Trainee: 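Have a look at this one before I ask anything.
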Amino acid sequence: DTAVSQTPKYLVTQMGNDKSIKCEQNLGHDTMYWYKQDSKKFLKIMFSYNNKELIINETVPNRFSPKSPDKAHLNLHINSLELGDSAVYFCASSQVGRGSGYGYTFGSGTRLTVV
Amino acid sequence: AQKITQTQPGMFVQEKEAVTLDCTYDTSDPSYGLFWYKQPSSGEMIFLIYQGSYDQQNATEGRYSLNFQKARKSANLVISASQLGDSAMYFCAMRDLNTNAGKSTFGDGTTLTVKP
């Protein structure tokens with residue numbers, strides 16, 4: 001059973017299109033994230049949701065909109081895709097109650113290529 | 001603000017030898033966690049080991065150990081008896097433990113190559 005399931009794994013699309021990436025976790029974790037990994041492998045947080053509530057929105061363009069219908073799901077919708085959006089997008093989950101030291105469990109990543 | 005520095009872009013080690021990957025950090029948070037992740041060429045991210053800032057003992061997980069020196073603000077990863085499958089990119093990360101945000105800040109990574 002996959003712990004953090006992320007789909008699709010690959011996404012190739014044209015500039016200007018709108019696309020979504022889905023993420024589901026079956027670990028019972030209370031917090032989910034979207035991270036972006038660029039071509040130099042730098043990992044940067046985009047969003048964090050704790051029990052369905054948006055906690056972190058790290059200066060991400062408004063074209064990116066996360067949605068968390070329940071604490072097991074976190075989707076990412078991207079409008080008007082640009083060439084610079086090409087990257088690998090990782091969903092992750094963790095249990096982050098105060099003092100908790102759980103590491104992240106990552107999804108397999110979505111390689112987005114905008115042409 | 002938190003900052004993670006990994007000064008070794010690439011490292012080589014002979015199979016069966018030990019290797020240390022460096023990580024230094026900076027934070028004003030009184031309670032924080034330090035983490036190491038592995039990213040093989042297949043692309044997935046794998047959590048390896050965790051060290052809490054108040055933990056007295058260095059963390060160990062199988063062949064992985066974390067050499068935590070709080071005064072020096074360093075959290076180096078030691079891999080013993082390297083195997084070919086250890087060839088990957090390794091990321092050091094930290095997180096403030098006094099928040100529900102759970103945001104982790106990652107270093108730039110170190111690419112480890114294990115030679116046969």
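Lettering follows sequence order; numbering is per chain, from 1. Values in this document were obtained by computation on a predicted structure and should not be read as measured data.
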Trainee: Should B/Asp29 and B/Arg95 count as an ion pair when the cut-off is N to O under 4.0 Å?
Mentor: no

Trainee: Please state whether the side chain, the backbone, both or neither of B/Tyr37 comes within less than 4.5 Å of a heavy atom of chain A.
Mentor: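 The side chain, not the backbone.
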
Trainee: Is B/Gln39 close to chain A through its backbone or its side chain, or both, or neither, when contacts mean heavy atoms under 4.5 Å?
Mentor: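 It is the side chain, since no backbone atom gets that close.
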
Trainee: Can you classify the ring geometry of B/Phe106 versus A/Tyr104 as parallel (below 30°), tilted (30 to 60°) or perpendicular (above 60°)?
Mentor: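 Ring orientation, 0 to 90° scale: tilted.
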
Trainee: Less than 4.5 Å to any heavy atom of chain A: does that hold for the side chain of B/Tyr54, its backbone, both, or neither?
Mentor: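 B/Tyr54 has no heavy atom closer than 4.5 Å to chain A.
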
Trainee: Under 4.5 Å between side-chain heavy atoms, hopping through other hydrophobics if needed: is there a path connecting A/Tyr33 to A/Leu74?
Mentor: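 No, because A/Tyr33 and A/Leu74 fall into different hydrophobic clusters, even though each may have its own neighbours under 4.5 Å.
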
Trainee: For A/Leu43, is it the side chain, the backbone, both, or neither that has a heavy atom closer than 4.5 Å to a heavy atom of chain B?
Mentor: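 Both backbone and side chain.
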
Trainee: Given the options A/Lys44, A/Gln37, A/Lys40, which has more heavy-atom pairs under 4.5 Å with chain B than any of the others?
Mentor: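 Among the listed options, the one with the most contacts to chain B is A/Gln37.
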
Trainee: Is it the side chain or the backbone of A/Glu58 that comes within 4.5 Å of chain B heavy atoms, both, or neither?
Mentor: side chain

Trainee: Taking the six-membered ring of B/Phe91, is the NZ or CZ of B/Lys38 close enough (under 6.0 Å from the centre) and on axis enough (within 45°)?
Mentor: no

Trainee: Under 30°, 30 to 60°, or over 60°: which ring-plane class applies to A/Phe106 and A/Phe90, parallel, tilted or perpendicular?
Mentor: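 Perpendicular, since the angle between the ring planes exceeds 60°.
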
